[in-house]
Amino acid sequence: MSLNRRQVLQAGGAATAGRPALARAAQAVRPPRALAADRFLAACVRCGLCVRDCPYGTLKLSDLGDPVPTGTPYFHARSVPCEMCEDIPCVKACPTGALDRELTDINQARMGLAALVDHESCLNFLGLRCDVCYRVCPVIDKAITLETQHNPRSDRHAMLLPTVHSDACTGCGKCEKSCVLPVAAIKVFPRALAQGALPAHYRKGWEEKARHGGSLIGEQVEMPVRGFDGPTAGRQATETVVAPAASGVEAPVAPAAPAASAAPQPKGAGGLNSKWKP
Amino acid sequence: MATTTLSSKPAPAACAPARSLWQRQRWLILRRSSQLLILLAFLTGPWFGLWIAKGNLSSSLTLGVLPLTDPLLVLQTLVTGHLPYSSALIGAAIVLGFYLLVGGRVFCSWACPVNVVTDAAAWTRRRLGIKTGRVPDAATRYWLLGGLLVAAAVTGHLAWEWVNPVSLLHRGLIFGMGGGLFVIGGIFIYDVLVASRGWCGHLCPMGAFYGLLGKTALLRVAAPNRKACDDCMDCFAVCPEPQVIRPALKQVGQTHPLILAPDCTTCGRCIDVCDKQVFKMTHRFDQRSE
């Protein structure tokens, strides 16, 4: 058996580090109300007073070679999540303001953001009723909701999909900690990693419509939908075209059902000319 | 460099009135006790649930009331443009006042954990009779001190804290360490093989900072009994900053016997090793010599 150079280096690196630190680099989450990354590294003097005052042993100080800069506090939700103490002792302990004492309500903490990353393993996505992440969520029904979707596999059941809402998720990580799978399907990430961002000029038509009490561009011609085949074609077409307009306001982040990709895209997209002019 | 070494020194009893172990090791024992007690104050909490001091040398809270913060860290924080909370500022002011009064580099020899490592390296170097190597200029530490402040200003981070061996070791001893041991091991090897007293005496910017604080320090070592000196060179061999001894001992550029150079860490090791009892610990206004 021969090893190439990369394998030798990887083995050496793993032996040196002695822990899968780099594999979990993306999942190091800061304590509550930590300043934004750049300002945090200016303010945190790496004293560990937040670590000392954390009653659950959640917080750790990083060592040289750990995923976050040397000496700064972080936690891995799958190991020990944040228990969201109401008196927030870690923030009170910080002598420099790296953790901002403006935070008085732990529900306003934004340590990270949970994301249900593995739709292939999540039991609820398989059609089962696990719901554990939803039930342990300290901000239940706000940070995680169960969104009902048609189960295209059985074609007669529902899937209740745990859905994270960024406006309420504190990033405490109790969902990741309690995920029953050997490797969690729902994980907490630093917000900068977990979130995308729309371009600043984007407006959601349905939100503008709700805000102004009617369409801003008048009544539109309803175009016939063509080019869909297959057993669930009609339902899929109806859902993808109409559902966001009807339910988008109260449930902003409903994930698309996995079957959506199964429906073929309309052929010759871009070839349809609606003759619409402003 | 005045680091001439007498690797095989005669047994003290043979040529001088016998001094007890306590007399020969007093200041070393006191210093090691001080370093150990400071460390233990932070460790009784996690070990036995008895909280004396929380945090580490970077910033700490003792008995729930006394904040202490490393003034150099606060200075770097201010340079990045962040204004820390008052507890950090008060803590830094207390530490600053203490070292201005008592002696800047008292920190190095009485509190800093890296001192134990570099003392061990210097001892190893003496025992092995290693005299080779390449010693950096002693002013390098001041360049590094300026450099870390510039780095903080440019990056907007406490850049030095990524690698600072002093906080790395102290934090590691209290909170656990892995990778940091490589840095500490590196300093040991560097001090043994490359440069005598290389880290603490030439490179460490924290030492440089505390040295600057120590220009007006009260606690000083003096050589009042310098007439008794028989030029055995033991003090020069053991001193981490040997250049500070000559003015006081040999009256070079001064007549009083006080070691006033801010580089002196007030470790008192010269007092320990001198069989003629030339040196003593005193205050900066004590100009008597016998």
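Chain letters run A, B, ... following the sequence lines, proteins first, then strands; residues in each count from 1.
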Separation between CG (B:L168) and CG (A:D63), nearest 0.5 Å, reads 6.0 Å
What are the two closest heavy atoms between B:G156 and A:A42, and how far apart are they?
-> O-CB, 3.0 Å
Before giving the answer on side chain to side chain contact (heavy atoms under 4.5 Å, CB included), spell out for A:R46 and B:D70 the whole-Å C-alpha distance, their side-chain angles and the decisive distance to 0.1 Å.
-> CA-CA 11 Å; A:R46 288 87 158 141; B:D70 176 6; over 6 Å; no
Compare every heavy atom of B:N56 with every heavy atom of A:L61, then report the nearest pair and how far apart it is.
-> CD1-ND2, 4.5 Å
Side chain, backbone, both or neither: which part of B:L61 has a non-hydrogen atom closer than 4.5 Å to chain A?
-> both
Would you say the side chain of A:L35 lies within less than 4.5 Å of the side chain of B:H82, judging by non-hydrogen atoms?
-> yes
Given a strict heavy-atom distance threshold of 4.5 Å, which part of B:I174 is in contact with chain A: side chain, backbone, both, or neither?
-> both
Spatial distance of atom SG (A:C47) from atom CG (B:L68) [nearest 0.5 Å] = 11.5 Å
A:T70 side chain vs B:W162 backbone, donor-acceptor pair below 3.5 Å = yes
CA sep, side-chain torsions, deciding dist, call: A:R52, B:W51, side chain to side chain contact (heavy atoms under 4.5 Å, CB included) | CA-CA 10 Å; A:R52 284 292 180 241; B:W51 292 100; 3.2 Å; yes
Test item: B:Y85 side-chain N/O and A:A98 main-chain N/O as donor-acceptor pair under 3.5 Å = no
Contacting moiety of A:C50, where chain B heavy atoms sit under 4.5 Å | neither
A:T96 side chain to B:P84 main-chain N or O, any donor-acceptor pair under 3.5 Å?
-> no
Counting only N and O atoms by type, is there a donor-acceptor contact under 3.5 Å from the side chain of A:D38 to the main-chain atoms of B:T155?
-> no
Contacting moiety of B:T77, where chain A heavy atoms sit under 4.5 Å | both
Taking only heavy atoms into account, what residues of residues 170-186 of chain A are found under 4.5 Å from chain B?
-> none
Which atom names give the shortest non-hydrogen contact between A:P95 and B:S59, and what distance separates them?
-> CG-OG, 3.5 Å
Could you tell me which portion of B:V74 (side chain, backbone, both or neither) has an atom closer than 4.5 angstrom to a non-hydrogen atom of chain A?
-> neither
Kindly check if the number of other-residue, nucleotide or ligand heavy atoms within 6.0 Å of CZ (A:R39) is above 12?
-> no
